[in-house]
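Shown next, in structure tokens, is the structure this report addresses.
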Amino acid sequence: MVECMTKQRALGQFHVSPIGLGAMPASMSRGELPSEEQAIATIHAALDAGVTLIDTADIYAPSWDQMGHNEKLVAKALKAYGGRPDDVVIATKGGIVHGPEGIGRDGSPEYLRKAVQQSMDDLEVDVVDLYYWHRPDRHRLYSDVIGTFADLKKEGLIKEIGISNANVEEIEVAIEVLGDGGLAAVQNEFSPKFHHTSKPELDLCGENGIAFLPWSPLGGTGGDAKRVGETYPALAEVASNHDVSPQQVTLAWELSLGDHVIPIPGASRPESIRDSALAWDLQLSRAELDAISKAILS
């Protein structure tokens, strides 16, 4: 594993690599899923590159009757690696239900306690490092569900609490319920194409010492990530000047938005995560970063 001690970023009580691995594409895809061998090789490539954060969720599965597929795959990959390295943090999520009738949400204490226990079994761990409320259950008070997460932490089932797909008001509610330092992370969609409704959350997290983890930081699995340089010429120009990929430049720019920002690009090929991991060493000038911000955020 490549050492990146000087570049680690705070994630609650943990310190992780500036870029994590989004493991979802190994179990959910608009196209053909990678083979298990390729998926495991991708996770191993991430570890070899120095990535110390793996992001998964119980809902990441090819079909409704395979809940936990991605978590089990992560556990299998770590076992095949010779065991989970001591510095590797695993984050997972709960609160979305999937059955033959479709997808729903359940923020009840009973469901969440059952879900976290199942995640522990599927990940083969005694405690979950970071557990996110995946998406709000609009039938319940946000503060009540955050209280359930606080109970799960008190009971020793999870080490850190996160929320995902949360707006400014919901982040503020979580901070109020959990107290100073109680909310470790917010995971929201953020990318060159999706930022108008998530940049305020990114900024709020920075003001409160909360890690902000952009999901789909390159634009998603529908092809936008591959075309990010074509869509945003400012990224392509900087990439050409440094002889790197536009994807690397995109991630380096996002890292520059704050020391609390930890992008988690999804990957289903070893080559993809290796390229993404190089972004934390990519040195861009202030002029380049300002030009990108002006082109994207203005």
Side-chain angles (χ1 to χ4, degrees), residues 1-11 14-27 29 34-57 60 70-71 73-92 123 129-130 185 187 190-191 211-221 225-226 228-229 235 238-239 242-257 259-284:
M1 178 179 291
V2 176
E3 294 293 335
C4 55
M5 295 296 291
T6 60
K7 298 180 179 295
Q8 290 186 330
R9 298 197 165 191
L11 182 59
F14 306 109
H15 287 85
V16 299
S17 54
I19 290 172
L21 169 67
M24 185 190 76
S27 299
S29 175
S35 65
E36 182 176 283
E37 180 181 21
Q38 180 175 317
I40 289 176
T42 301
I43 294 173
H44 289 180
L47 297 172
D48 289 341
V51 172
T52 60
L53 173 64
I54 301 176
D55 184 86
T56 181
Y60 296 164
N70 199 249
E71 293 174 319
L73 183 60
V74 168
K76 186 171 185 177
L78 291 172
K79 189 178 296 184
Y81 195 69
R84 173 182 169 184
D86 293 339
D87 59 346
V88 169
V89 173
I90 303 175
T92 192
L123 289 168
D129 293 334
L130 171 60
Q187 183 180 138
F190 182 89
S191 69
F212 183 88
L213 290 86
W215 60 265
S216 290
L218 299 174
T221 58
K226 294 180 181 179
V228 69
L235 295 170
V238 173
H242 289 265
D243 194 24
V244 298
S245 70
Q247 289 76 16
Q248 266 188 60
V249 171
T250 303
L251 294 171
W253 168 71
E254 290 174 0
L255 289 171
S256 78
L257 297 177
D259 291 340
H260 66 299
V261 178
I262 307 171
I264 47 170
S268 59
R269 299 180 303 120
E271 297 83 0
S272 296
I273 190 58
R274 289 193 193 107
D275 185 72
S276 293
L278 292 173
W280 67 60
D281 282 326
L282 179 59
Q283 300 295 316
L284 302 182

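Formation of a donor-acceptor pair under 3.5 Å by the Asn70 side chain with backbone atoms of Ala57 is not found in this model. Judged by distance alone, the side chain of Arg9 and the main-chain N or O of Ala211 form no donor-acceptor pair under 3.5 Å. Remark: side-chain polar atoms of Gln247 are paired, donor with acceptor, to backbone N or O of Ala225 under 3.5 angstrom.
Partners of Arg269 according to the salt bridge (Lys or Arg N to Asp or Glu O under 4.0 Å) rule, which considers only residues two or more places apart in sequence or in another chain, are Glu271. Taking the ring pair (Phe, Tyr, Trp, His ring centres under 6.0 Å) definition, one finds that His44 meets it with Tyr81, sequence neighbours left out. Taking Thr42 as the reference, Gln38, Ala267, Pro270, Ile273 meet the side-chain contact (heavy atoms from CB on, under 4.5 Å) condition, with sequence neighbours excluded. Partners of His15 according to the side chain to side chain donor-acceptor pair (under 3.5 Å) rule, which considers only residues two or more places apart in sequence or in another chain, do not exist here. With sequence neighbours excluded, no residue forms a side-chain contact (heavy atoms from CB on, under 4.5 Å) with Lys226. Here Asp281 pairs with Lys7 under the side chain to side chain donor-acceptor pair (under 3.5 Å) rule; sequence neighbours left out.
In this structure, Leu255 and Pro18 approach most closely via the heavy-atom pair CD2-O, 3.4 Å. The minimum heavy-atom distance between Pro263 and Leu251, with the atom names listed, is CB-CD2, 3.8 Å. Between Thr250 and Pro217, the shortest heavy-atom distance links the atoms CG2-O, 3.8 Å. Shortest non-hydrogen contact noted between Ser245 and Asp275 is OG-OD2, 2.7 Å. The two atoms that bring Leu47 and Val51 nearest to each other are CD2-O, 3.7 Å, heavy atoms only. Residue Val88 comes nearest to Asp129 through the heavy atom pair O-OD2, 4.0 Å, listed as atom of the first residue, atom of the second, then distance.
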Hey, mind stepping through His242 and Gln248 against side chain to side chain contact (heavy atoms under 4.5 Å, CB included) and telling me if it holds?
CA-CA 10 Å; His242 289 265; Gln248 266 188 60; over 6 Å; no
Test log, rule side chain to side chain contact (heavy atoms under 4.5 Å, CB included), inputs Ile54 and Leu78:
CA-CA 10 Å; Ile54 301 176; Leu78 291 172; 4.2 Å; yes
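Leu123 contributes atom CG, which lies 5.5 Å from atom OG1 of Thr92 (distance to the nearest 0.5 angstrom). For the atom pair Tyr60 OH and Met24 CE, the distance stands at 6.0 Å (nearest 0.5 Å). A distance of 9.5 Å separates CZ in Phe212 from CG in Leu257, rounded to the nearest 0.5 Å. Residue Leu11 holds its CG atom at 12.0 Å from NE2 of His260, rounded to the nearest 0.5 Å. Atom CD1 of Ile262 sits about 8.0 Å away from atom OG of Ser17, to the nearest 0.5 Å. Considering CG of Leu218 and CD of Glu254, their distance stands at 6.5 Å, rounded to 0.5 Å.
Of the listed residues (Ile43, Ile264, Asp55, Leu53), just one forms a side-chain contact (heavy atoms from CB on, under 4.5 Å) with Leu21, and that residue is Ile43.
At a cut-off of 3.5 Å, with distance as the only test, no side-chain donor of Asp87 or Gln8 sits close to an acceptor on the other residue.
Annotation: side chain of Ser256 is not in contact with side chain of Leu284 (no heavy-atom distance under 4.5 Å). Between Trp253 and Leu282, the closest side-chain pair of non-hydrogen atoms is not below 4.5 Å. Proximity of Thr52 to Pro85: side-chain heavy atoms (C-beta onward) are nowhere separated by under 4.5 Å.
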